[in-house]
Asker: 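First the structure, which I've put down as structure tokens, then a few questions once you've had a look.
Side chains included, hydrogens not; waters and symmetry mates left out as well; all remaining heavy atoms used. Here is the naming used below: chain letters follow the sequence lines, and residue numbers restart at 1 for every chain.
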Number of protein chains: 2
Amino acid sequence: MNLKQLSEALSLSQTTVSRALNGYPEVSAETRKRVVEMARKIGYAPNSQARKLATGRAMAIGHVIPVSQHEMMNPVFMEFIAGAGEAYSRLGYDMVLKVVPDAQVEGAYRELASLKKADAVIVHGPRIHDTRHEILDTLGVPFLIHGRIPGQEEARSWIDMNNAHAFERATDLLLDLGHRRIALLNGLEDMDFAARRRRGFEKALTNRGLSTDPALMRQADMTEPYGAESALDMLDGANPPTAFLVSSMISALGVARVISQKGLQIGRDVSVITHDDALSFLPNGGDDPIFTCTRSSVRYAGQRAAELLIEQILPNPDVPVHEYLEAELIIGQSTGPCHATA
Amino acid sequence: MNLKQLSEALSLSQTTVSRALNGYPEVSAETRKRVVEMARKIGYAPNSQARKLATGRAMAIGHVIPVSQHEMMNPVFMEFIAGAGEAYSRLGYDMVLKVVPDAQVEGAYRELASLKKADAVIVHGPRIHDTRHEILDTLGVPFLIHGRIPGQEEARSWIDMNNAHAFERATDLLLDLGHRRIALLNGLEDMDFAARRRRGFEKALTNRGLSTDPALMRQADMTEPYGAESALDMLDGANPPTAFLVSSMISALGVARVISQKGLQIGRDVSVITHDDALSFLPNGGDDPIFTCTRSSVRYAGQRAAELLIEQILPNPDVPVHEYLEAELIIGQSTGPCHATA
DNA sequence: GGATCCTCCCAAACCGCTTTGAATTACAAC
DNA sequence: GTTGTAATTCAAAGCGGTTTGGGAGGATCC
């Protein structure tokens, strides 16, 4: 069922039918009504490939999700994508998604762009030595970064939360509670967000004249066992931490598991603050959340990213847009004053 | 840079250039070489919309991910998609993904199909009263179900794990260990997989002449707090369970958290078996996994689903294919003999 | 009455690729 | 020298829409 058949059924030209369906003004109300009704009756739906070819727009946004070396799929991506997907369906766009190993990420962006499979792309998980912005520039594809690429803060469009500030505040909170040995369980620090969180952590310490202890700082893919193993090592170590600052709820669950297993009570014997991306399957809410946390919804970030990309960047690709999301610092049950006999 | 320009630069017809690039035999080796080199030199990439229009194939598979009433994004979907995505890039297909509220799932499939945005689709999360197969049939779109739609086992293509058998075996294991009060924390039982798991659980009990206790059976979206709250309620109840059978690692973590908090030891005081989808951010591996589990990798399921859909179903949509994945029953640290003074 | 302006509709070009059907050339066979 | 065959190459016709540039008919204005 194509336009031609529909127009023949109506004894109208394809032009008129097309215009009627797409809301152009140079069609009488009566004709439009007739067209719309007939289209519905015989179940006409425009072929999207043909439309894309004719208009030159793909009406799709590309996402490339990297799978890390260790085959880890970060659930944060999924939640971001859920937010973006909601916005896409509202705005009439499609999402074309590629899930590829780290090493093929650039190639995937190149493909989406040069084959015109997407009008624009979202850059996920920027690294401190990222080069994707250059590739996308030469390809002429508008894009928005979820996070920031160092050195590209002004020139590029991005949406990001204030990682450094959030972790500085979290660290301050622990320091205010009297903690001095604070462990940082971070994500991989070649990722920009993790590097920023570390800087925030370090800044809070140095602001009070404290030094950082490399034995208490780790980075890895943020799995549950990563949290558990790190906590076990550190708590069994010579000079154990009294508090943990963790980059992900998932790893924080591992930390909590180990603390309980050792017969310690979280929030009393050991404090934990985690970053909470507000993942839907790990709600940490209510009046008195399980974990004290810095919270920023990635799902909302995804939604805003899609909106910004479609509404601001596509119509005007040369004006960079920036959006800051402040993380909330929310007090829960997992923090309390330090009781260590310093 | 399009075909026409490329062919002019080579003083060849578009036909020949197209054939040379697409590997057709009726082009001399020398000409092909010349074409390929020039294409690379001037950076020609075929416009995929045009190609799709001309060939009539979208070279894309559609996925529609439902977001449940409670706004929950099931991470299982993401992992499935990671597996499928790997296969798609290998096979030259794209994935077009829609994330929509439960109520709009049908419409999303309809759109993908009637607008020819995808050559085939994957049906996620079948329910016991699902109707998507009918819609897709009338639209004439090949599809593969991840799971099964009751009554459609023979006629449709699907890939599924043996949910009933896995949960029956898990229950048997607990019964063998002497447990008699076993709680089932299931997913929502209007989902086919959850209904099957429940049947497996009940079958194991009735096989030994035991009856089920409604107070020990719950169903919900499988979040961490769901596990925690259910465990807390039940353990504080009049006649607490000595073992838990949980449909998801995420909820199992919640169960484990509560058990530890109550000063009980998991595996000794209370046993837990969980289904383990082998989510990459929740590894439960090693010689002696944290959780005793029934394990079946959804990522592998995603990969196989994509392969089956592209290699078997697309060329021959009328021959249904079925693939069974058996779950392994893996003994970990979370199960042990029942010590309850019955 | 004629020029001007809308309103509404249409034929045809175009988007960039694939594919059909045919033409050209070269060479061997008869 | 004609014919048959294989190897190359090409012009043109789609694929199914959108968009350009008119054109017909009626109303408005001098």
Asker: Give the rounded distance in Å between these two atoms: OH of B:Tyr44 and C1' of C:dT18.
Answerer: 10 Å
Asker: Where the side chain of B:Gln14 is defined as all heavy atoms beyond and including C-beta, which of C:dT18, D:dG17, C:dC9 is the nearest nucleotide?
Answerer: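 From the listed options, C:dT18 comes nearest.
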Asker: Would one find a side-chain N or O of A:Ser18 under 4.0 angstrom from OP1 or OP2 of D:dG17?
Answerer: no
Asker: Taking atom P of D:dC15 as reference, at what distance in whole Å does atom CG of A:Asn2 sit?
Answerer: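 Computing the A:Asn2:CG to D:dC15:P distance gives 8 Å.
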Asker: Counting distance only, does the side-chain N/O of B:Asn47 pair as donor-acceptor with the main-chain N or O of B:Gln49 below 3.5 Å?
Answerer: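 Looks like yes, one N/O pair under 3.5 Å.
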Asker: Write down the distance between CD (A:Gln5) and C1' (D:dC15), rounded to a whole number of angstrom.
Answerer: 13 Å
Asker: With B:Phe143 as reference, evaluate B:Leu309, B:Ile313, B:Val123, B:Ile135 under the side chain to side chain contact (heavy atoms under 4.5 Å, CB included) test and give the passing residue.
Answerer: B:Val123
Asker: D:dT18 phosphate, OP1 or OP2: any side-chain N/O from A:Thr55 under 4.0 angstrom?
Answerer: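 No, because none of the side-chain N or O atoms of A:Thr55 sits under 4.0 Å from OP1 or OP2 of D:dT18.
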Asker: D:dG16, OP1 or OP2 - any side-chain N/O from A:Asn47 closer than 4.0 Å?
Answerer: no
Asker: Does A:Thr15 make a side-chain donor-acceptor contact with the base of D:dT19, cut-off 3.5 Å?
Answerer: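 When only heavy-atom distances are counted, A:Thr15 does reach the base of D:dT19 through a donor-acceptor pair under 3.5 Å.
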Asker: Please give me the minimum heavy-atom distance between B:Val64 and B:Pro66, naming the atom from each residue.
Answerer: O-CD, 3.5 Å
Asker: Categorize B:Ser48 for me: base, sugar-phosphate, or nothing, with a 4.0 angstrom heavy-atom threshold over every strand shown.
Answerer: nothing
Asker: Figure out the CZ/P separation between B:Arg19 and D:dT8, and round it to whole Å.
Answerer: 13 Å
Asker: When you check the phosphate oxygens OP1 and OP2 of D:dC10, does a side-chain N or O of B:Ser13 lie under 4.0 Å from one of them?
Answerer: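 Yes.
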Asker: Run B:Ser280 and B:Glu79 through side-chain hydrogen bond (donor to acceptor under 3.5 Å, both in side chains) and show every step you take.
Answerer: CA-CA 8 Å; B:Ser280 55; B:Glu79 201 83 19; 3.2 Å; yes
Asker: Looking only at the side chain of A:Glu26 (C-beta and beyond, no hydrogens), which of the listed nucleotides D:dT18, C:dC9, D:dC10 gets closest?
Answerer: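 Of D:dT18, C:dC9, D:dC10, C:dC9 is nearest to the side chain of A:Glu26.
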Asker: Does D:dT9 have OP1 or OP2 under 4.0 Å away from a side-chain N or O of B:Thr31?
Answerer: yes
Asker: Between A:Ser28 and C:dT7, does any side-chain N or O lie under 4.0 Å from OP1 or OP2?
Answerer: no
Asker: Nearest to the side chain of B:Leu53, heavy atoms from C-beta on, is which of D:dT18, D:dC15, C:dC10?
Answerer: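 Output: D:dC15.
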Asker: Indicate, with a heavy-atom threshold strictly under 4.0 Å, whether B:Gln49 touches base, sugar-phosphate, or nothing.
Answerer: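 Nothing, no heavy atom under 4.0 Å.
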Asker: Taking for each residue the nucleotide of DNA chain D with the nearest heavy atom, is it B:Arg32 or B:Ala54 whose nucleotide lies nearer the 5' end?
Answerer: B:Arg32
Asker: For B:Arg51 and D:dG16, give me the distance from atom CZ to atom C1', rounded to whole Å.
Answerer: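 After rounding, the gap between these two atoms is 18 Å.
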Asker: Check this one for me: any side-chain N or O of A:Tyr24 less than 4.0 Å away from OP1 or OP2 of D:dT19?
Answerer: yes
Asker: Taking all non-hydrogen atoms of both residues, which atom of A:Pro320 and which atom of A:Glu154 are closest, and how far apart?
Answerer: CG-O, 3.5 Å
Asker: Using a heavy-atom cut-off of under 4.0 Å over every strand shown, decide if A:Ser7 touches base, sugar-phosphate, or nothing.
Answerer: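 Answer is nothing: A:Ser7 stays at 4.0 Å or more from every strand.
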